[in-house]
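Structure first, then comments.
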Amino acid sequence: MVEVAVLLSVGRHPASGRPRRAPLDAQALELALQLVESGHAARVHALHAGDPANPALRDYLGMGLDRLEVLDLPPGVDPVPALVARLRELAPTLVLAGAVAEGGEDSGMVPYLMARSLERPIVPDVVALELSGDGADLTQALPRGRRRLVGAGLPLVATLHGSAPAARQSAFARARRGSIDTLPADGVGDAFLEDCAARPWRARPRLMGARRGGTALDRLKAATETRAGQGRLMVQPSPEDAASAIYECLIEQGMIR
């Protein structure tokens, strides 16, 4: 039986911003646990690079892990060299990870960089996996809901697609019983992140729709000229008059019919 390593990152809730388990990484852990429960895998190595005190890591333990290894790295440090060094020590047959994280650069390049460093093939967007002998049969997600069967030899790296089976719920008691083992690790600063500035996300302003049709000259005049007499100055209008004027303007602009 094979040994499976799962790369786990800390996600971020889109509304509250609180740290949580990353959904795709949790799906990767779900697939690894299913391989163990079905008898196709002997052991799961759960790896995280970052802050071992992050409370979101307990959510992964609550899925059924006995222990989780954390490579202690400060913020802003590239986790790839430390993860590659640890994976070389463990030498797992199969490495699973989510296709993209919910924090940091969100580039989704970590699995590819590790596959290149470990000199292993990588199969992206996997939704199902079956181990057979010295190979694996993977179901890969394609655009428009299509699926493709892919055969690959072991060892390999695979990333999980959002259509993969959902992760099981995290049990509070299991989360408290599981242990987090902190391992020292060396890392170098990420030059790209050092040059980035983080700021809250806000929606982009939407452009008002322009009238279409007519000649190019008509459209240019409509976009550039100031028409005299088109506006109406209302000084302290009543609510009814103001609402009526706004309604007429929206009809004139073609925004409502």
Side-chain angles (χ1 to χ4, degrees), residues 8-28 30 50-51 54-60 75-76 97-112 124-125 127 140-147 159-170 190-257:
L8 304 174
S9 62
V10 174
R12 186 179 299 276
H13 194 278
S16 65
R18 297 179 58 186
R20 65 171 185 177
R21 63 176 183 176
L24 290 177
D25 292 345
Q27 289 177 275
E30 173 67 31
D51 182 10
N54 196 313
L57 298 177
R58 290 282 172 185
D59 294 340
Y60 293 114
V100 66
E102 283 190 328
E105 299 179 35
D106 288 347
S107 63
M109 287 298 297
V110 171
Y112 291 89
D125 296 330
V127 298
Q140 191 178 36
L142 298 179
R144 299 182 180 180
R146 294 177 296 170
R147 297 290 185 267
T159 62
L160 270 290
H161 188 267
S163 301
R168 65 190 68 181
Q169 295 295 321
S170 178
D190 192 326
F192 176 79
L193 285 181
E194 291 176 355
D195 295 337
C196 294
R199 60 186 181 184
W201 180 88
R202 65 177 184 178
R204 293 181 178 179
R206 299 179 59 184
L207 297 176
M208 296 179 64
R211 288 186 177 180
R212 298 182 181 277
T215 64
L217 180 60
D218 295 337
R219 293 195 296 272
L220 178 62
K221 286 183 178 179
T224 58
E225 74 175 359
T226 301
R227 298 179 181 178
Q230 292 295 318
R232 180 162 47 134
L233 179 62
M234 303 179 69
V235 179
Q236 296 182 352
S238 65
E240 292 78 9
D241 293 341
S244 177
I246 294 173
Y247 182 73
E248 293 174 359
C249 179
L250 294 177
I251 294 178
E252 182 182 355
Q253 295 291 334
M255 300 183 68
I256 59 175
R257 298 178 180 175

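These values consider heavy atoms only, across backbone and side chains, with no hydrogens, waters or symmetry-generated copies.
The shortest heavy-atom contact between Arg58 and Ser170 is O-OG, 4.0 Å. In terms of heavy atoms, Ala99 sits closest to Asp125 at CB-OD1, 4.3 Å. When all heavy atoms of Tyr60 and Ala22 are compared, the pair lying nearest together is OH-N, 2.8 Å. Listed here is the closest heavy atom pair of Ala28 and Gly98: CB-N, 4.3 Å.
By the side chain to side chain contact (heavy atoms under 4.5 Å, CB included) test, Ala166 is found to be paired with no residue, residues two or more places apart in sequence or in another chain being considered. Ser244 is linked by a side chain to side chain contact (heavy atoms under 4.5 Å, CB included) to Glu248, counting only residues two or more places apart in sequence or in another chain. In this structure, Thr159 has no side chain to side chain donor-acceptor pair (under 3.5 Å) partners at least two apart in sequence or on a different chain. Taking Arg146 as the reference, Leu142, Pro143 meet the side chain to side chain contact (heavy atoms under 4.5 Å, CB included) condition, with sequence neighbours excluded. For Arg20, the salt bridge (charged side-chain N to carboxylate O under 4.0 Å, His left out) partners two or more places apart in sequence, or in a different chain, are Glu102. A search for side chain to side chain donor-acceptor pair (under 3.5 Å) contacts involving Asn54 returns nothing, not counting sequence neighbours. Residues passing the salt bridge (charged side-chain N to carboxylate O under 4.0 Å, His left out) test with Arg168 are Glu30, Glu37, sequence neighbours excluded.
Side-chain contact check for Pro19 versus Arg12: every heavy-atom pair is 4.5 Å or farther apart. Inter-residue side-chain proximity for Val10 and Leu57 is flagged as met; some heavy-atom pair is nearer than 4.5 Å. Side-chain contact between Asp241 and Met234 is present, with at least one heavy-atom pair separated by less than 4.5 Å. Using a 4.5 Å cut-off on side-chain heavy atoms (C-beta onward), Arg21 and Ser9 make no contact.
The backbone N or O of Ser16 lies less than 3.5 Å from a partner atom in the side chain of His13, making a donor-acceptor pair.
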